[in-house]
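Presented below is the structure to which this report refers.
Every value quoted in this text rests on a predicted model; they were computed, and no experiment measured them.
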Amino acid sequence: MAGVFSVQLDADRLSALGEYFDRQVEEGRLPGWTCVVAQRGEVKYAASGGMADVAKGSPMKTDSVFRAWSLSKAMTSVAFMTLVEKGLVALNDPVADYLPGYDRMRVYRAGLAEAPITEGLVEPMRIWHLLTHTSGLGYGSHQSHAVDSLYSGAGYALGVPPETDLKAATEAWGSFPLRFQPGTAWNYGVSTDVLGRVIEVVSGRSLDAYLAEALFEPLGLRDTGFHVAESEAHRYAEIYTPGPEGGLAPLGLPVDTKTPLFLSGGGGIYTTAEDYTAFLGMLAADGRIAGTDEYLLSPMTVASMRSNHLPGDTTLGSGYGYWPVPAINELMTSVGFGLGFMTVKTPHQSHLLTREGEYGWLSASSTNFFVDPSTGVTAVIVPQLFPSRTLPIANRLRQFVYQSYR
């Protein structure tokens with residue numbers, strides 16, 4: 001791998017990570033946690049603490065099954081790029097080539113959600129806009145814009161209306177105005193879910209079937225998919241949130257033990273820290289599948305995915321777009337966005353322990369990961385704490401891993 005240099009991870013110094021997160025559990029700030037740190041696919045540190053389910057007394061383990069939520073986006077983006085490599089779709093293709101009606105979308109200009117003033121598209125929404133969250137699509141849960149109110153008013157706030165599949169949801173999102181002209185700003189929204197629908201159209205397969213065939217099975221991800229087998233549901237790690245009177249309370253979300261009708265490429269995957277580490281190991285190896293000479297993606301594709309694709313090579317902190325993730329606001333001034341990942345451009349401006357070229361993402365339940373391509377180091381932590389701003393987990397993960405470099 002070009003640019004790779006040799007470092008060793010100091011196991012004694014890495015143990016500070018476990019001590020810190022165990023202390024959060026003891027002080028009642030965290031229900032449980034698990035973390036896996038690897039280098040070029042070889043696990044260097046794996047630890048867990050606390051409970052996956054407090055009421056049941058189930059301890060957290062590295063094979064506890066958790067909701068990937070927005071960590072699903074990285075997997076869906078990688079699976080999509082396998083279609084690009086097959087020549088079945090291109091990054092500059094208009095989305096409307098695959099989703100009829102997306103060429104007729106309107107763009108919000110002013111006014112209330114009930115009567116927005118809109119304009120037509122100046123340029124088409126393209127596939128790369130979906131991968132980089134520059135499409136203009138919204139998220140009903142944000143409620144930071146009149147367009148978000150249209151999403152939530154139609155039942156697309158924290159999910160989709162009952163009996164709605166991915167095709168129907170994508171058609172509904174195509175009927176709402178965009179927040180801005182595609183490519184002119186960045187906004188975290190349903191772009192990856194729409195990308196999942198494009199996967200279905202291009203591949204002729206359902207999203208769950210294609211991801212299993214193109215990603216989960218080649219990487220040997222045994223516990224990753226859009227549902228948890230009923231026989232394995234006891235391994236599920238509950239998500240907790242600060243209670244109104246202190247302490248932590250479970251969110252109590254029902255676990256999908258059968259494939260759901262709505263297949264969310266943006267947030268619907270279940271996985272484990274062990275499986276996700278295998279996925280990250282493939283990325284750290286520039287697309288090579290561990291233990292083989294086969295490549296899931298080419299090194300060129302992986303390099304492109306982790307490069308900044310924002311116009312003008314700008315960063316998210318430059319005023320280019322809306323940033324909904326207060327848990328890592330310190331990184332805002334220093335990161336751009338690639339094809340499914342944020343990528344660090346100017347680490348010194350974040351005043352955090354991070355490295356130029358690092359890429360990763362996180363979810364609303366504080367689960368997050370990063371890859372340092374210069375050393376092949378990957379890390380994923382699963383705290384199951386909602387919302388992600390509750391504790392500075394993403395920053396602490398980097399702090400503990402990077403201080404262990406030798």
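In this structure, S307 contributes its side chain and A303 its backbone to a donor-acceptor pair below 3.5 Å. At least one donor-acceptor pair closer than 3.5 Å links the side chain of S203 to the backbone N or O of I199. A donor-acceptor contact shorter than 3.5 Å is absent between the side chain of T314 and the backbone of L310. Here the side chain of T259 pairs no donor or acceptor atom with the backbone of H227 at under 3.5 angstrom. Here the side chain of E358 pairs no donor or acceptor atom with the backbone of D372 at under 3.5 angstrom. Formation of a donor-acceptor pair under 3.5 Å by the Y156 side chain with backbone atoms of L150 is not found in this model. A donor-acceptor pair is defined here as one N or O able to donate and one able to accept, closer than 3.5 Å; no such pair exists between the side chain of Q403 and the backbone of A16. Side chain of K73 to main chain of G266: a donor-acceptor pair is present (N/O by atom type, distance under 3.5 Å, no hydrogens or angles). Of the possible polar contacts, none joining the R13 side chain to the S404 backbone as a donor-acceptor pair under 3.5 Å is found. Checking side-chain atoms of T170 against main-chain N and O of L166 turns up a donor-acceptor pair under 3.5 Å.
In this structure, the side chains of F66 and I239 stay at 4.5 Å or more apart for every pair of heavy atoms. Side-chain contact between W173 and V194 is present, with at least one heavy-atom pair separated by less than 4.5 Å. Side-chain contact between T134 and T184 is absent, with no heavy atoms from C-beta onward closer than 4.5 Å. The shortest distance between side-chain heavy atoms of V198 and L99 falls below 4.5 Å. Under the 4.5 Å side-chain criterion, counting only non-hydrogen atoms from C-beta, V344 is not in contact with F370. Side-chain contact between L283 and R306 is absent, with no heavy-atom pair separated by less than 4.5 Å. Contact check for E230 versus K258: no side-chain heavy atoms found under the 4.5 Å cut-off. For the pair W361/S70, a side-chain contact is recorded, criterion being any heavy-atom separation below 4.5 Å from C-beta on.
Atoms CG and CG, from L261 and D165 in turn, are 5.0 Å apart once rounded to the nearest 0.5 Å. With rounding to the nearest 0.5 angstrom, the NE2 atom of H145 is 8.0 Å from the CG atom of N187. Put simply, OG1 on T76 and CG on L207 are 5.5 Å apart, with the number rounded to the nearest 0.5 Å. From S350, atom OG reaches atom CZ of R355 across 12.5 Å, with rounding to the nearest 0.5 Å. Note: M342 CE to N308 CG = 12.5 Å, rounded to the nearest 0.5 Å. Residue E238 holds its CD atom at 5.0 Å from OH of Y236, rounded to the nearest 0.5 Å.
Partners of E217 under the salt bridge (charged side-chain N to carboxylate O under 4.0 Å, His left out) rule, at least two apart in sequence or in another chain, do not exist in this structure. Contacts of D293 classified as salt bridge (charged side-chain N to carboxylate O under 4.0 Å, His left out), with partners at least two apart in sequence or in another chain: none. With sequence neighbours excluded, the residues forming a side-chain hydrogen bond (donor to acceptor under 3.5 Å, both in side chains) with S152 are Q143, listed by chain and number. For E85, there are no salt bridge (charged side-chain N to carboxylate O under 4.0 Å, His left out) partners two or more places apart in sequence or in a different chain. Evaluation of the salt bridge (charged side-chain N to carboxylate O under 4.0 Å, His left out) rule for E19 yields no partner, not counting sequence neighbours. Partners of Y210 by side-chain hydrogen bond (donor to acceptor under 3.5 Å, both in side chains), not counting sequence neighbours, listed by chain and number: T82, K86. In terms of the ring pair (Phe, Tyr, Trp, His ring centres under 6.0 Å) criterion, residue partners of H133 (sequence neighbours excluded) are, by chain and number, W186, Y188, F337.
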Report the C-alpha separation of R126 and T132 in whole Å, then their side-chain angles, then the decisive distance to 0.1 Å, and conclude whether the side chain to side chain donor-acceptor pair (under 3.5 Å) test is met. CA-CA 10 Å; R126 301 186 186 277; T132 58; over 6 Å; no

Decide side-chain contact (heavy atoms from CB on, under 4.5 Å) for S135 and M125; before the verdict, give the C-alpha distance in whole Å, the side-chain angles of both, and the deciding distance to 0.1 Å. CA-CA 6 Å; S135 65; M125 181 194 298; 3.9 Å; yes

Do M51 and V25 pass the side-chain contact (heavy atoms from CB on, under 4.5 Å) test, and can you show the C-alpha distance, the side-chain angles, and the key distance before you say yes or no? CA-CA 9 Å; M51 295 292 163; V25 173; over 6 Å; no

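No hydrogens or angles considered: nothing links the side chains of Q384 and S366 as a donor-acceptor pair under 3.5 Å. Between the side chains of S304 and T301, no donor-acceptor pair of N or O atoms lies under 3.5 Å.
Note: Y151 and F176 meet the aromatic proximity criterion, with ring centroids under 6.0 Å apart. Centroid-to-centroid, the aromatic rings of Y276 and F369 come within less than 6.0 Å.
Across all their heavy atoms, S206 and L263 have their closest contact at CB-CD1, 4.4 Å. Contact detail for A169 and V160: the closest heavy-atom pair is CB-CG1, 4.3 Å. Nearest heavy-atom pair across A278 and L221 is CB-CD2, 3.7 Å. Closest non-hydrogen pair, D286 versus V302, comes out as C-CG2, 3.8 Å. Closest approach of L14 to V401, counting heavy atoms only: CD2-CA, 4.1 Å. What you find for A233 and T257 is that their closest heavy atoms are CB-CG2, 4.4 Å.
Under the side chain to side chain donor-acceptor pair (under 3.5 Å) criterion, the residue pairs touching residues 105-115 are R106-T118, R109-E119, with sequence neighbours excluded. Annotation: salt bridge (charged side-chain N to carboxylate O under 4.0 Å, His left out) contacts involving residues 91-101, sequence neighbours excluded, are absent. Note on residues 43-66: pairs passing salt bridge (charged side-chain N to carboxylate O under 4.0 Å, His left out), not counting sequence neighbours, are E42-K44. Each salt bridge (charged side-chain N to carboxylate O under 4.0 Å, His left out) pair with one or both residues in residues 187-209, not counting sequence neighbours, appears once here: R197-E200, R205-E213.
Aromatic ring pairs are classed by plane angle as parallel below 30°, tilted from 30° to 60° and perpendicular above 60°; the pair F216 and F226 is tilted. Taking the six-membered ring where the residue is Trp, Y359 and F341 present perpendicular rings, their angle passing 60° and hence far from 30°.
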Show every donor-acceptor pair shorter than 3.5 Å between a side-chain atom in residues 267-275 and any protein atom, with sequence neighbours excluded, or say none if there are none.
{"from": "Y270", "atom 1": "OH", "to": "R67", "atom 2": "NH1", "distance (Å)": "3.1"}
{"from": "Y270", "atom 1": "OH", "to": "D256", "atom 2": "N", "distance (Å)": "3.0"}
{"from": "Y270", "atom 1": "OH", "to": "D256", "atom 2": "OD2", "distance (Å)": "2.9"}
{"from": "T271", "atom 1": "OG1", "to": "T224", "atom 2": "OG1", "distance (Å)": "2.7"}
{"from": "T272", "atom 1": "OG1", "to": "E274", "atom 2": "N", "distance (Å)": "3.4"}
{"from": "T272", "atom 1": "OG1", "to": "D275", "atom 2": "N", "distance (Å)": "3.0"}
{"from": "E274", "atom 1": "OE2", "to": "T62", "atom 2": "OG1", "distance (Å)": "2.6"}
{"from": "D275", "atom 1": "OD2", "to": "R222", "atom 2": "N", "distance (Å)": "3.3"}
{"from": "D275", "atom 1": "OD2", "to": "D223", "atom 2": "N", "distance (Å)": "2.8"}
{"from": "D275", "atom 1": "OD2", "to": "T224", "atom 2": "N", "distance (Å)": "3.3"}
{"from": "D275", "atom 1": "OD2", "to": "T224", "atom 2": "OG1", "distance (Å)": "2.8"}

